Amino acid sequence: PVDMKIFVTLSCTLCPDLVKVAQQIAAENPHITAEVYDIRHFEELKTKYQIMSVPCILLNQKDLVFGKKSMEQLLDLIEKNG
């Protein structure tokens, strides 16, 4: 199983593409979850995980990855963390 948390802001122009890819992957695989958080509304998560920029992906509560990812890049990250 892979748990993805995607941290975004509504003003980020790169975030929507990552959210779309993450949600598509999670919709097609029952072993993958993807939750999306606007860090402006979840300040405690921003602080807890020391998020300095978005988009940001937290995989399985341990690995932070920053920046926009394509479908292939995200699948590679999931494979390494699954």
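Quick caveat: nothing in here was measured; it's all calculated off a predicted structure.
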Quick one: [atom1] on [X] to [atom2] on [Y], what's the gap to the nearest 0.5 Å?
X	Y	atom1	atom2	answer
L74	I25	CG	CD1	4.0 Å
C56	K46	SG	NZ	11.5 Å
E44	K48	CD	NZ	9.0 Å
L59	L77	CG	CG	6.0 Å
I6	Q23	CD1	CD	8.0 Å

Give the minimum heavy-atom separation between [X] and [Y], together with the two atoms involved.
X	Y	value
C15	T9	SG-N, 4.0 Å
P16	C12	CD-O, 3.4 Å
N60	V2	OD1-CA, 3.3 Å

Residue pairs, two or more places apart or on separate chains, that pass side-chain hydrogen bond (donor to acceptor under 3.5 Å, both in side chains) and touch residues 63-75: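 Of all non-adjacent pairs touching residues 63-75, those that pass side-chain hydrogen bond (donor to acceptor under 3.5 Å, both in side chains) are D17-K68, S70-E72, S70-Q73.
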
N/O donor-acceptor pair under 3.5 Å between N29 side chain and H31 backbone: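 Answer holds: yes.
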
Remaining members of hydrophobic cluster (4.5 Å side-chain criterion), F66: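 So far as hydrophobic clustering goes, F66 is joined with F7, Y37, I39, F42, L45, Y49, I51, V54, L58, L64.
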
Cluster overlap V65 with M71, hydrophobic side-chain contacts below 4.5 Å: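 Result: yes, single cluster for both.
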
Pairs meeting criterion salt bridge (Lys or Arg N to Asp or Glu O under 4.0 Å) with involvement of residues 32-41, two or more places apart: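 Output for this query lists K5-E35.
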
